[in-house]
Amino acid sequence: MASKVILVTGGTGLVGKAIEKVAKEEARSDEKWVFVSSKDANLESEADTLALFEKHKPTHVIHLAAMVGGLFRNLAYNLDFFRSNMKINDNVLYSCYKYKVEKCVSCLSTCIFPDKTTYPIDETMIHNGPPHDSNFGYSYAKRMIDVMNKGYNIQHNCKFTSVIPTNVFGPYDNFNLEEGHVIPGLINKVYCSKKENKPFVIWGTGSPRRQFIYSLDLARLFMWVLREYDEISPIILSVGEEDEVSIKEAAEMVVEAHEFKGEVVLDTSKSDGQFKKTANNGKLRKYLPDFQFTPIKQAIKETVDWFIENYDTARK
Ligand code: NAP
Ligand code: GDP
């Protein structure tokens, strides 16, 4: 019988689906994995969250559930991002405490770091100044996870920690143009441009820079954090600084993967958001010097192929 019950909140999203795949590949007989979505419990409700924990009695939790979105959804709904994520995070961590969960790993993001900062950013700098104005609601709510982790550890000796991924992409992403992040947005737009023989429009100047991580690489790192990482303070899960690319370069890779031959234009009336948020993965590299990230071109190609194959059911 499994001695560990690992509950994954947000288990049906981009990151959750990747963890589900890797957990199957790396299956261990003492682990039972439970992947839940908002249909199993609305985590904004304390009663529903406690009922979920009562039902599954998890020993471990990977907490992914969140109101999530790209730049344009954040710009429109900062207040909703703050309120929804504050409620979800408070309910999940409180339930972890109540049900004596041995370890909880939550998810922050590099976009919550201070806007005015020195680069590269590292784990010690999360609270050093206001986040970028475009996503202040999401950022402050996420930062409070780190505050709660510290509080639960000091007051109740809980082992609640967090990871800080950079921009994630992969199968099961949200390809909706208004809601989603840049790579799924570009993939969907090139698909439509190719089908309708229309120019492909990149939003903004194309010059902002991002470190992208493939969801399946992130999932493998999540497994390691759950099983091996012993600190309460967060750890950045990112490719190296040298692997940062511009939005324009990312768009070119999407064009190549789709074999799109049409016109490519920039719509500079659209926001660029944060120019960069270059993160240092030195802490991760100290623990895992040999971890191999999937080359970005290959990861984008796999994601484009997945999108085309699953076009009818993909979120868009
Ligand atoms: P996603 O694909 O949008 O999935 C979100 C998940 O959260 C879904 O399973 C969703 O369930 C669940 N959820 C949302 N609201 C909920 C609620 N009120 N109650 C219960 N479940 C709820 O998001 P993702 O990209 O996988 O993100 C996972 C985590 O990674 C998040 O914490 C996010 O902040 C973090 N992160 C993401 C990125 C990125 O680039 N995507 C970067 C850094 C960090 P339904 O399917 O039922 O709606
Ligand atoms: P961020 O990394 O948190 O800013 O969020 P996104 O993943 O949404 O990336 C936003 C960056 O990509 C900005 O510089 C946008 O101008 C640019 N971008 C270009 N085309 C698109 C698109 O189709 N969708 C999105 N979300 N961003 C785009």
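In each ligand, atom 1 is the first atom listed, and ligand 1 is the first ligand listed.
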Geometric cation-pi criterion, Lys270 with Phe72: 6.0 Å, 45°
yes

Donor-acceptor pair, distance only, cut-off 3.5 Å: does the side chain of Asn310 make one with the backbone of Trp306?
yes

Does the separation of the ring centres of Phe307 and Tyr311 fall below 6.0 angstrom?
yes

When you measure from the side chain of Lys57 to the backbone of Glu54, do you find a donor-acceptor pair of N or O atoms at a distance under 3.5 Å?
yes

Could you name the protein residues that come within less than 4.0 Å of ligand 1, counting only heavy atoms, and order them by chain and residue number?
Gly10, Gly11, Thr12, Gly13, Leu14, Val15, Ser37, Ser38, Ala41, Asn42, Leu43, Glu44, Leu64, Ala65, Ala66, Val68, Ile88, Cys107, Leu108, Ser109, Tyr138, Lys142, Pro165, Thr166, Asn167, Val168, His181, Arg315

Minimum distance, heavy atoms only, to atom 26 (N) of ligand 2: which one of Gly273, Gly180, Ser109 is it?
Gly180

Residues in ring pair (Phe, Tyr, Trp, His ring centres under 6.0 Å) contact with Phe260, at least two apart in sequence or another chain:
none

Is it true that a side-chain atom of Arg220 and a backbone atom of Phe291 form a donor plus acceptor pair closer than 3.5 Å?
no

Relative to the heavy atoms of Lys189, which atoms of ligand 2 are at a distance of less than 4.0 Å?
20 (N), 21 (C), 22 (C), 23 (O)

Once you restrict to heavy atoms under 4.0 Å, what part of Gln274 touches ligand 2? Side chain, backbone, both or neither.
neither

So, Phe293 versus Tyr214, ring centres under 6.0 angstrom or not?
no

Element-labelled atoms of ligand 2 that are located less than 4.0 Å from some non-hydrogen atom of Phe72:
25 (C), 26 (N), 27 (N)

Val92 and its side chain to side chain contact (heavy atoms under 4.5 Å, CB included) partner, picked from His63, Lys87, Met148:
His63

Taking 4.0 Å as the limit for heavy-atom contacts, which would you say applies to Arg210 with ligand 2: side chain only, backbone only, both, or neither?
side chain

Where is the nearest protein heavy atom to atom 11 (C) of ligand 2: which residue, which atom, and how far?
Ile247 CD1, 3.9 Å

Would Asn135 count as a polar contact of ligand 2, with the cut-off being nitrogen or oxygen pairs under 3.5 Å?
no

Donor-acceptor pair, side chain of Arg73 and main chain of Gly180, under 3.5 angstrom
no

Tell me which protein heavy atom sits closest to atom 20 (N) of ligand 2, plus the residue, atom name and distance to 0.1 Å.
Trp203 N, 3.2 Å

Ranking Leu75, Leu71, Val168 by closest non-hydrogen atom to atom 10 (C) of ligand 2, top hit is Leu71

Heavy-atom contacts under 4.0 Å between Ser271 and ligand 2: side chain, backbone, both, or neither?
backbone

Side-chain donor-acceptor pairs under 3.5 Å in residues 162-176, sequence neighbours left out?
unit_1, atom_1, unit_2, atom_2, d
Thr166, OG1, Gln211, O, 3.1
Asn167, OD1, Lys277, NZ, 3.3
Asn174, OD1, Asn176, N, 3.1
Asn174, ND2, Glu179, OE1, 2.9
Asn176, OD1, Glu178, N, 3.0
Asn176, OD1, Glu179, N, 2.9

among protein heavy atoms, the one nearest atom 13 (C) of ligand 2 is Asp272 O, 3.2 Å

By ring pair (Phe, Tyr, Trp, His ring centres under 6.0 Å) - contacts of Tyr77 (at least two apart)
none

Which ligand 2 atoms, with their elements, are less than 4.0 angstrom from a heavy-atom of Leu186?
20 (N)

Contact between Lys270 and ligand 2, counting heavy atoms under 4.0 Å?
no

I want to check a possible cation-pi pair here: Lys189 against Trp203, using under 6.0 Å from ring centre and within 45° of the ring axis as the test.
yes

Quick one: look at Asn167 and ligand 2, take heavy-atom pairs under 4.0 Å, and tell me if it's side chain, backbone, both or neither.
side chain

Do Val182 and ligand 2 have an N or O pair less than 3.5 Å apart?
yes

Going by heavy-atom distance to atom 1 (P) of ligand 2, choose the closest among Lys277, His181, Arg73, Glu179.
Lys277

Same apolar cluster (I L V M F W Y, side chains within < 4.5 Å links), Ile112/Ile232:
no

